[in-house]
Structures are given as C-alpha cells and as structure tokens.
Protein chains: 2
Amino acid sequence: MISKTTTVNDAKQHLIDHGIRPSVQRLAIMKYLMEHRTHPTVDKIYNDLRPSMPTLSRTTVYNTLEVLVEHDAVLELSIDSHTSHYDGATAPHAHFRCRRCGAIIDVDMKDLALATPESSEFTVEHVEISYTGLCARCINDNNQDNNQDNNL
Amino acid sequence: MISKTTTVNDAKQHLIDHGIRPSVQRLAIMKYLMEHRTHPTVDKIYNDLRPSMPTLSRTTVYNTLEVLVEHDAVLELSIDSHTSHYDGATAPHAHFRCRRCGAIIDVDMKDLALATPESSEFTVEHVEISYTGLCARCINDNNQDNNQDNNL
DNA sequence: AGTTGTTTTTGAAATCATTACAAAATTACA
DNA sequence: TGTAATTTTGTAATGATTTCAAAAACAACT
C-alpha cells in the first residue's frame, strides 16, 4: 500500500515539478511510465490502462505524452522507426533494441558520457544513443521456435 | 560526363559488393543515395526520381530500400519518429536533426568513437547516435518568418 | 530466337500510427 | 453559482507503410 501511494505522489510531484497540471489521466500515464520501465508505445499504455480507466481515449494518451515530452517530464525514443516509445527515466542512458522481438533494454552509459558536439550549424538539445541487434533470448530461440513479440 | 559515369559505376559496384543484383531501379536509387547526402525519405527519393523514371513505383522504392538495408548497402535512420530516412554513407558518423525544419546534418564522430557495450543480454549489430535541437538557420528565423520545410 | 522458371516491378487496396477537430466534461476562480 | 479556460473524448481524416496478385524483366537452357 505504501509503495502504491508513493508512486502516485512521486508522479504527481514529477508533473508539478515540470509545470504540468496533474489531471487524473496525466497522473495515470505518468505513474504508468514510472512503474513500467519497458519503454511502451502509445498503444501499450492505452491498452494497459483501459481496464482500470474504461473512458480513457487513445487521443488523450497521444495528447498527454505530447505534453509530457514538451515539458521534458518524459523522453520520446525514436529507436523504433515504426512507432514512438516513451521512457519515464530521467538519468541519461542509452538503449538497445532487438530487431527480432522489438524489446528495448536500458544500457548504462557509465563513463562513456559522449561529449555533445560543438558546431556553428546547430544547437543540441537532446541526445539519443541507440543500439540494435539480437537479444539473448532471440539468439537462443533462433533455431527453435518462433518467439516473437514476447517482450514488447 | 566522367563523373556521372563514375557514380553509376560506383553504385553498380557497391550493389554487387553487397550481393545485390543491380536492376535499373536499384541502381538509380543507390546512385541517388550516393549523390545526395541529404538523408532522404522514401517520398523524397520517389518524387526526385520520377521525372526521369516515370514508371517507377513507390512500392519499388520501399522494396529496394528494404533490400539495400538488409544487405548493409545503406543505413536506415530512425532519428525522425515520423518516417524513415536513408543514408548512403558508409563511414561511421552521427546525425543532428533540427526539430523545426527537419533538416538532418552529418556529425563527424572524430575520435569519440564510443565503445560498443558488452552485455550477456544482447549482441550489438548497429549503433545510431542522434542529436536533436535547432539548426542555425531556424535559430535566426525564430523571431522572423516561418521558414519550415526548407531543408527537407 | 523460343521456352520455361525465377526474380523484380508495379499499382491498387488494406492496414496501422498519428493528427485534426469539434463537442462534451471538467476545472479554476471571480 | 456562473462563466471562461483547460482537458478529455470519439470520430473522421491523413500519411506512411505493407500486402498482394498480376505484369514485366531477366536468366538459363535448347
């Protein structure tokens, strides 16, 4: 019970800290992103939240994520060219995406903190480092069964 | 004349080197990507090539780019979450994308060559480093006119 | 050249993610 | 309360991509 309440409060505070009014829907989505470190898509969030919020609209999920991203409360990942994934984590880190099952895994950046390039041509606001390849599970399953979409 | 022929030959050789049969369409698209370092989308390639190849189909551009990417003859960039961009350049480099006009600029990686992470969880095949922000032109135009889509 | 089998291209239709929009619901606050 | 501003909702429109089957191009062989 404590942890549940704590997450709600954390999420609420996080929204306020980023200048976002904590509506019921925004809170639910922010809380979802803080609890699930799976880098979900709009549809994943929408489908997972709907059982407990039957009136939730897909458009609201789109709208809310747009607001969260604009206010830097959440990160939009472009690692998957088919659809956007969202990340509630704040500390800088990279991502690995399995080209077979689509799973996205956090990659610690440790000390390879990669200097932001200096240029007269542009001003950098965000950095995204993406690795692609096969995850351990998909390497193993390769010969054997078809195990797609297990980890999305 | 020499340079034109040279690009055709380079493109042809590039396809063959990557185990791709050089059909007329594949050659035209590969040549286009070697000559235009603008990281074009499917539609940009399709529209630019059509005047000289009126029978070209958009589906063919999709099919061809899929083949080129599968054979590592071309890089698919996920830097833009709305649509895929393609890069005919071979040497490793990063990209900057202007969030206002959408232009994509090559970023030299120099010696900050960023070690590929070692992990038992996955095997890395590709790395993509993407910067986002405002390009010099859009910073200047900010107060003034609307100059969107100039550099796509 | 002519035949046959394989690969590639083509265009139309289908799908999927996202955006636009206007009405309804909720909230802020005078 | 009442009124204005914000947020949510559902539907319809858009845009990118995929599917698919037929047509065209190509390769190998006679």
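Just so we're on the same page: letters track the sequence lines, and every chain starts at 1.
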Nearest-Å distance for atom pair [atom1]/[atom2], residues [X] and [N]:
| X | N | atom1 | atom2 | result |
| --- | --- | --- | --- | --- |
| L65(A) | dT18(C) | CG | C1' | 12 Å |
| K44(A) | dA17(C) | NZ | C1' | 17 Å |
| Y46(A) | dA17(C) | OH | P | 13 Å |

* Closest nucleotide among dT7(D), dT8(C), dT18(C) to the R26(B) side chain -> dT8(C)

* Structure fact -> Of dT8(C), dT17(D), dT6(D), the nucleotide closest to the side chain of R21(A) is dT6(D)

* To do: Examine dA25(D): is either OP1 or OP2 under 4.0 Å from a nitrogen or oxygen in the side chain of Q25(B)? Give yes or no.
  =>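 No, Q25(B) has no side-chain N/O under 4.0 Å of OP1/OP2 on dA25(D).
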
* Mind listing the residues from residues 66-82 of chain B sitting with a heavy atom below 4.0 Å of DNA chain C? Number order is fine. => H82(B)

* Asked: How large an angle, rounded to 10°, do the end axes of the helix from dA1(C)-dT30(D) to dA30(C)-dT1(D) enclose when each is built from five base pairs?
  ->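 Answer for the end axes of this duplex: 30°.
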
* Got a sec, which residues hit ring-ring contact (aromatic ring centres under 6.0 Å, His included) with H93(A), two or more places apart in sequence or on another chain? -> H95(A)

* Residues forming a ring-ring contact (aromatic ring centres under 6.0 Å, His included) with H126(A), sequence neighbours excluded -> none

* Asked: Can you tell me how far CG of L77(A) sits from NE2 of H39(A), rounded to the nearest 0.5 angstrom?
  ->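 It is 6.0 Å, given to the nearest 0.5 Å.
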
* How would you label the contact of S84(A) with the nucleic acid (heavy atoms, under 4.0 Å): base, sugar-phosphate, or nothing? -> sugar-phosphate

* Asked: Where each residue is assigned the nucleotide of DNA chain C containing its nearest heavy atom, which of V42(A) and N63(A) is assigned the position nearer the 5′ end?
  -> V42(A)

Could you go over nucleotides 24-26 of chain C and give all protein N or O partners under 3.5 Å, atom names and distances?
none

* So, Q25(B) side chain and T60(B) main chain: donor-acceptor pair closer than 3.5 Å or not? -> no

* **Interface with DNA chain D, restricted to residues 49-62 of chain B and to heavy atoms under 4.0 Å** => T59(B), Y62(B)

